[in-house]
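Below is one structure, written out as structure tokens; comments come after it.
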Protein chains: 2
Amino acid sequence: MNISEARTRIVATADELYNARGIQAVGMDELRAAAGVSLKKLYQEFPSKGSIVMAVLERRHKSWAEGLEATVGQVAAPRERLLAIFDYLAQWFCDDSFRGCGFINSFAELGAVSPDVAEYAREHKASFQEYVSRLADDAGAPTYLAPQLSILAEGAQTTAAIAGTAEAARQARSAAEVLIDAALGVTARRAA
Amino acid sequence: MNISEARTRIVATADELYNARGIQAVGMDELRAAAGVSLKKLYQEFPSKGSIVMAVLERRHKSWAEGLEATVGQVAAPRERLLAIFDYLAQWFCDDSFRGCGFINSFAELGAVSPDVAEYAREHKASFQEYVSRLADDAGAPTYLAPQLSILAEGAQTTAAIAGTAEAARQARSAAEVLIDAALGVTARRAA
DNA sequence: ACCGAGCGAGAACGAACGTTCTCCCCTCTC
DNA sequence: GAGAGGGGAGAACGTTCGTTCTCGCTCGGT
């Protein structure tokens, strides 16, 4: 078995378990059993549980960014690309394993006690906001639109997680439509 | 010392500690020391840590509802009452002890492992949405406005918590203004 | 065939947690 | 003043966790 194959399986298994039950609720021995790996190999690949957590966060960030880009990439019109963010959310919320944004959750669980986790969550959210800003720029929207849409997306995630339903995505999407059209209307009127 | 005085001090201290560092990170002995109470009295007042957590959630719910109502109550115009929600958030975010919504945090930490915590968080959020719905009704807004504003408020809380700044409240507020005016414009046009 | 290196299984360890128990002192009553 | 009862300080207990150690076994090179 390839070494990096064990690594990726460990991280993938940890991602699932941590997402389903929380980071602190999953011990190293359970992770070892679920990943089908020996405790020795586990500590050979990762020096500590904290490093596994950081690897999981990296994996989540990559998976989120790729999934988002894939959904947004399917449409061309700048306005619809902004709305596609919420289509991605809607599809994510329908996943049975959805239990809220992993970064919000890990921040809530460990942010106060682990500066690494807190900083990574901050970076992830900042990178999302930056991505939204690029999409908003392409649509010719004023700079204040991107934070508004980001906050909507954030709120949809926590609302869907706690309520246990996916309807927040639809509601956020229609709100986004209003905000986008208002912002674009402002720039159009300004340009005229 | 009054028995209920000890109870409230225990819950108040637990609220602070749990908010600052997370529920799982604060042990019973630390809580005992911070509350200035004996371990015996602690377990005399509460049968378990879980019951303290639930009492803290109740306290948070009451404090949130009262604070919100106080801020909203200062204005009379229905539209401004809806916006006052975000003024309340702005003032809350500026508090040094702000570390995100306690319900989102406790849900992320324990929701997957404690049905009681998950259900209480759900109830709290539902009661907030209901409150927003009443305010929106008073303003004559269509029913879809309240969930939109709730999602905005939710997103502002997590964004402010993770970013560590209060500006999300201002951004959410201006987004709310757009959504409210759009919704009221629709009803006004419908009425005409 | 033999030896050494690497691996898996799981025991072991120290710390921390939630909870209970023990001991001692203070106080109130007769 | 003696005894009982309640409360505080903290030791003790059982469990769980993260991490390390031990012990055989396997397997590749000579």
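Chain letters run A, B, ... following the sequence lines, proteins first, then strands; residues in each count from 1.
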Distance-only, no hydrogens or angles: does the B/Ser133 side chain make a donor-acceptor pair with backbone N or O of B/Gln129 under 3.5 Å?
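Yes, B/Ser133 side chain to B/Gln129 backbone: donor-acceptor pair under 3.5 Å.
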Would you call B/Asp29-B/Arg32 a salt bridge at under 4.0 Å N-O?
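Yes, this pair counts.
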Residue closer to the 5' end of DNA chain C, B/Ala25 versus A/Arg32 (nearest nucleotide)
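With A/Arg32 and B/Ala25 compared, the 5'-side residue is A/Arg32.
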Distance check needed: [N] [atom2] versus [X] [atom1], whole Å only.
X	N	atom1	atom2	answer
B/Met28	D/dA12	CE	P	21 Å
A/Leu39	C/dC13	CG	C1'	13 Å
B/Leu42	D/dG10	CG	C1'	14 Å
B/Glu45	D/dG8	CD	C1'	15 Å
B/Gln44	C/dG18	CD	P	19 Å
A/Tyr43	C/dC7	OH	C1'	18 Å
A/Leu31	D/dT19	CG	P	12 Å
B/Gln24	C/dA15	CD	P	22 Å

Measuring centre to centre across the rings, with the benzene-like ring taken for any Trp, is A/Phe103 within less than 6.0 Å of A/Trp64?
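Centroid distance A/Phe103-A/Trp64: not below 6.0 Å, so no.
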Is it the case that the side chains of B/Ser97 and B/Glu16 hold a donor-acceptor pair, with the cut-off being a distance below 3.5 Å and no angle test?
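Checked: B/Glu16/B/Ser97 side chains show no N/O donor-acceptor pair below 3.5 Å.
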Candidates D/dG18, C/dG18, C/dA9 - which lies nearest the side chain of B/Lys49
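Nearest to the side chain of B/Lys49 among the choices is C/dG18.
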Taking only the side-chain nitrogens and oxygens of B/Lys41, find out if one of them lies under 4.0 Å from OP1 or OP2 of D/dG7.
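No, no such contact exists.
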Considering every strand and a 4.0 Å limit on heavy-atom distances, what is the contact class for B/Lys40: base, sugar-phosphate, or nothing?
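Counting heavy atoms under 4.0 Å across all strands, the contact made by B/Lys40 includes a base.
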